[in-house]
Number of protein chains: 2
Amino acid sequence: MELYSDDYFMNEALKEAQKAFDADEVPVGAVVVADNKIIARAHNYTEHLTDVTAHAEMQAITAAASAIGGKYLTDCTLYVTLEPCVMCAGALQWAQVSRIVYGASDSKRGYSTIPQNILHPKTTVTRGILEEPCGEIVKRFFKSKR
Amino acid sequence: MELYSDDYFMNEALKEAQKAFDADEVPVGAVVVADNKIIARAHNYTEHLTDVTAHAEMQAITAAASAIGGKYLTDCTLYVTLEPCVMCAGALQWAQVSRIVYGASDSKRGYSTIPQNILHPKTTVTRGILEEPCGEIVKRFFKSKR
């Protein structure tokens, strides 16, 4: 896997998703990248924290802002294994993140189900990076819960 | 002001907004009420925390879940001085909050600008409680910034 490619960073996000899986959390992982450097890593932690707001993206935004020392992620790319939900898309809009790359789509809860762009107008989006493993880990998780 | 009325609890949220104002934060305050008891109080803290996700509602949701010991706010009412944004509405949807009461509308960033209900289908909404003071404090804040 080529260093600094979208596949490379999504694979790092997938490692975070695996940590969530191992912790019995819905397996979604995220990393934030600036200048080809990972400045934040996070995974879903809603069960552990008893907090619906503890999605991977939310924690990645908070951690990245802390790393940068500023609220705005205008020169950052967020990699996340699953399409962000409406809450996370709203947060990414406030953060003015430069670019979002996601793996699997979420046809139920994904922000793109909303008939209006709720991201920042300057944010670009790439989807489908490592789509298969990003989606597969979520399916495997819910299968194990039945 | 009648005890346990919407006006009463919104006034408590306004007190939180005033704390935000005094801390040089966009003055939005929130309280979460269950069984006529305030179980969480919060105000916007985005500047202090350098975190765009630190809206009053987000912190109120996290604090209320912590007070309850569960993720879901199905028997709770959130009072907030300003109409929730898309991020906060998305969080309130995940939390399945029973009822939302807000003061002033937000014609730019409010969730109701989205042409689709993004709240939980069971959530009821009351707007316009103490609308004038809830809106006035925000106007006064931005005026002081110019």
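Per chain, numbering begins at 1; letters A, B, ... match sequence-line order.
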_Can you tell me which of Val86(B), Thr62(B), Leu92(B) forms the most heavy-atom pairs within a distance under 4.5 Å of chain A?_
Thr62(B)
_Asp35(B), CG atom: more than 12 neighbouring heavy atoms under 6.0 Å_ = no
_With a 4.5 angstrom heavy-atom cut-off, is it the side chain or the backbone of Ile118(A) that approaches chain B, or both, or neither?_
side chain
_Greatest number of heavy atom pairs closer than 4.5 Å to chain B - which of Leu73(A), Leu49(A), Thr50(A)_ = Thr50(A)
*asked:* With rounding to the nearest 0.5 angstrom, report the NZ to CG distance, Lys71(A) to Asp51(B).
replied: 9.5 Å
*Which atoms of Ile61(B) come close to chain A, meaning under 4.5 Å heavy atom to heavy atom: side chain ones, backbone ones, both, or neither?*
side chain
_Please rank Ser66(A), Gly90(A), Ala64(A) by heavy-atom pairs under 4.5 Å with chain B and give me the top one._
Gly90(A)
*For Gln96(B), is it the side chain, the backbone, both or neither that has a heavy atom under 4.5 Å from a heavy atom of chain A?*
neither
*Would the number of heavy atoms belonging to other residues, nucleotides or ligands and lying under 6.0 Å from CD of Gln116(A) be above 12?*
yes
*Max heavy-atom pair count under 4.5 Å with chain B, selected residue of Met58(A), Arg109(A), Glu47(A)*: Arg109(A)
*Distance (rounded to the nearest 0.5 Å) between Met87(B) CE and Cys88(A) SG*: 10.0 Å
*asked:* Please determine whether the number of non-hydrogen atoms from other residues, nucleotides or ligands lying under 6.0 Å from atom CG of Asn117(A) exceeds 12.
replied: yes
*Highest number of heavy-atom pairs under 4.5 Å with chain B: which of Trp94(A), Tyr72(A), Tyr111(A)?*
Trp94(A)
*OG1 of Thr53(B) to NE2 of His55(A): how many Å apart, nearest 0.5 Å?*
12.5 Å
